[in-house]
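Following: one structure in structure tokens, then a few remarks.
Below, all heavy atoms of this structure are taken into account, side chains as well, without hydrogens, waters or symmetry copies. The model shown is predicted, which means the values in this text are computed figures rather than measured ones.
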Amino acid sequence: MVDFATVSALLDLYSAYAATVDSSDWDHWPDFFLEDGTYRLQPRENFDAGLPLCLLALESKAMIRDRVYGVKETMYHDPYYQRHVVGIPRILSVTATPAGEEIEAEANYIVFRTKRDGLTEVFNAGRYRDVIRRTEDGLKFRSRLCVYDSDLIPNSVIYPI
Amino acid sequence: MTTPWQDDGTSRIPYSVYTNPDLHRRELDRFFYSGHWCYVGLEAEIPNPGDFRRSVIGERSVLMTRSADGAVNVVENVCAHRGMRFCRERHGNRKDLLCPYHQWSYDLKGNLQGVPFRRGVKQDGKINGGMPADFRPEQHGLTQLKVAVRNGVVFASFDPEVEPLEDFLGPVILGYFDRVFDGRPLEILGYRRQRIPGNWKLMQENIKDPYHPGLLHTWFSTFGLWRADNRSQLKMDAHKRHAAMISTRGQGGKVADVISNVDSFKDKMTVNDPRLLDIVHEPWWGTPTAVMTTIFPSLIIQQQVNSVSTRHIQPNGEGSFDFVWTHFGFAGDDAEMRQRRLIQANLFGPAGFVSADDGEVIEWSQEGFTQNPARSTLVEMGGRDTDDADHMVTETLIRGMYAYWRQRMGE
């Protein structure tokens with residue numbers, strides 16, 4: 001049984017993550033992860049077939065920082081707003097580990113994209129599959145895997161989902 | 001009608017070449033549906049009898065199958081009866097191919113097997129309906145394409161007269177093809193798909209354009225992966241339709257000639273996680289660290305250090321194409337090499353540190369063409385010729401492709 005404080009903390013984590021990536025606050029995006037935390041964005045086609053390739057496979061917080069640098073400094077792209085709508089997370093398991101308690105949870109998401117001169121469009125729809133560890137600094141992602149149904153990407157993905 | 005081309009050369013390409021729907025339909029007929037081999041997939045995607053995988057040639061849906069005899073077949077995904085695009089799954093394993101509408105069934109080579117009520121339905125001692133007596137199932141199979149498999153790569157053509165694949169590629173390009181595909185078993189790592197709102201030829205041009213990578217792509221210029229001071233060669237087949245861009249990684253860093261006025265060069269940039277650039281030389285590369293091969297009209301073969309993929313061009317209309325990446329490794333890869341390929345894949349694809357920009361600039365190019373189709377692009381870096389080159393500061397491969405295009409299109 002999960003206590004209310006844990007559920008509340010989990011809801012905070014999910015809403016704070018969405019607020020961060022929707023407000024172009026890229027520098028704070030890595031803060032949601034453990035040092036050895038991973039971020040993966042994977043088409044459902046590969047996930048379902050057991051194929052390892054992701055659209056992005058960032059294997060550490062350092063690599064997530066490299067992505068931030070890419071988003072901010074190196075990738076020429078059409079600027080856009082993104083808006084996440086994230087469903088209520090479902091807790092699948094809570095496990096005590098030597099490194100701290102770990103929560104396995106998942107939640108549906110939709111991301112809308114709005115370019116400066118364009119209409120708002122559904123950009124990416126999928127499900128977060130997360131392993132979250134309780135630390136002294138609060139809940140952190142050990143892994144966040146975004147499995148997206150929208151296999152066909154509307155040209156490119158620049159910002160974090 | 002007067003031609004929009006300004007002269008006999010190809011250094012000024014009319015914008016309408018990318019925006020005219022009539023030209024696009026002719027391109028499909030002359031390049032994708034006749035006279036050329038088009039990429040369908042990899043044999044490793046259909047290892048077992050009964051396996052099938054849906055693919056595309058031009059704008060036509062096709063199925064790549066492995067029949068009971070072990071052969072690779074390619075058939076059009078359109079039922080011979082009423083024209084339905086019947087196969088909806090992306091891949092699977094079946095004993096036969098079934099159109100659900102009237103349950104016509106075909107074997108995996110596309111031969112018609114079953115037609116319900118072919119001999120009518122008996123009721124009250126009378127036979128109702130049935131196909132005419134002269135109906136010949138053998139004349140009503142799925143469209144069966146000519147197939148060529150070379151070292152695990154499957155090509156097909158709607159044109160029964162198409163020349164042998166090896167002749168189509170020519171000896172130079174065949175050499176670079178075999179460099180990657182030498183018969184080693186492949187291990188599929190997965191797929192990436194994107195829809196790019198631009199004319200399909202812009203993607204061929206992008207990989208025939210060694211001028212841009214060291215400029216548009218910070219990762220290439222800063223880390224010396226691909227830029228103007230790298231040792232390089234540009235080679236074409238005799239028709240100038242296919243090409244290979246061959247490059248050997250340099251040291252990167254500050255070289256005034258190649259980085260002055262280059263906004264994308266980041267002097268102080270380092271990677272936080274060195275695994276992104278953990279490049280390990282593989283013996284099969286030989287000297288070059290990257291070879292990008294364009295097989296006209298449908299395929300790009302990528303070898304960028306340890307990342308290898310096929311990139312499949314699937315047009316939908318003159319202003320859009322789907323671009324499907326199949327990343328793979330080789331059966332002998334150890335776990336480290338597999339992981340290395342997967343991590344370096346972060347540079348490529350629709351979100352890649354490098355390749356995401358390519359999709360973006362193609363979209364913006366198409367927008368520019370559309371707003372004033374009477375204009376022409378300027379493709380004169382390195383001159384106006386269409387010769388092979390031993391450096392990157394040229395757009396010769398693009399000019400070469402359009403020399404072929406003009407000849408085949410009669411434009």
Working to the nearest 0.5 angstrom, can you tell me the gap between [X] [atom1] and [Y] [atom2]?
X: B:D322; Y: A:I153; atom1: CG; atom2: CD1; result: 12.0 Å
X: A:I158; Y: B:F353; atom1: CD1; atom2: CZ; result: 10.5 Å
X: B:R195; Y: A:L152; atom1: CZ; atom2: CG; result: 5.0 Å

If you count heavy-atom pairs under 4.5 Å between each of [options] and chain B, which one has the most?
options: A:C54, A:S150, A:P154; result: A:C54
options: A:V71, A:D151, A:L58; result: A:D151
options: A:L41, A:D78, A:L56, A:V157; result: A:D78

With a 4.0 Å cut-off on N to O distance, would you call A:E45 and B:R54 a salt bridge? no

**OP:** For the pair B:R90 and A:D48, find out whether any cationic side-chain nitrogen is under 4.0 Å from an anionic carboxylate oxygen.
**Re:** no

For the CZ atom on B:F330, are there more than 12 heavy atoms of other groups (residues, nucleotides or ligands in this structure) within a distance under 6.0 Å?
yes

Report task. Determine whether more than 12 heavy atoms belonging to other residues, nucleotides or ligands lie under 6.0 Å from atom CZ of B:R184. Result -> yes

Assert top hit (heavy-atom pairs under 4.5 Å, partner chain A, pool B:G359, B:G190, B:A345) equals B:G190

Of the listed B:K266, B:H91, B:R192, B:E187, the one with the largest count of heavy-atom pairs under 4.5 Å with chain A is B:R192

From the list B:V271, B:N272, B:N346, side-chain contact (heavy atoms from CB on, under 4.5 Å) with A:M63 holds only for B:N346

Do you know the tightest heavy-atom contact between [X] and [Y]?
X: B:L276; Y: A:D66; answer: CD1-OD2, 3.4 Å
X: A:L51; Y: B:L189; answer: CB-O, 3.4 Å
X: A:M75; Y: B:G352; answer: CE-O, 3.4 Å
X: B:R338; Y: A:P52; answer: NH2-CG, 4.0 Å

If I measure from the heavy atoms of chain A, does [X] come under 4.5 Å with its side chain, its backbone, both, or neither?
X: B:T270; result: backbone
X: B:I362; result: neither
X: B:W219; result: side chain

So what's closer than 4.5 Å to chain B heavy atoms on [X]: side chain, backbone, both or neither?
X: A:N155; value: both
X: A:P43; value: side chain
X: A:E73; value: both

*asked:* Could you tell me if the side chain of B:E363 sits less than 4.5 Å from the side chain of A:S156, heavy atoms only?
replied: no

Stepwise side chain to side chain contact (heavy atoms under 4.5 Å, CB included) test for B:Y191 and A:L53: CA-CA 7 Å; B:Y191 303 93; A:L53 186 72; 5.7 Å; no

So does A:Y76 get a backbone contact from the side chain of B:D357, meaning a donor-acceptor N/O pair under 3.5 Å?
yes

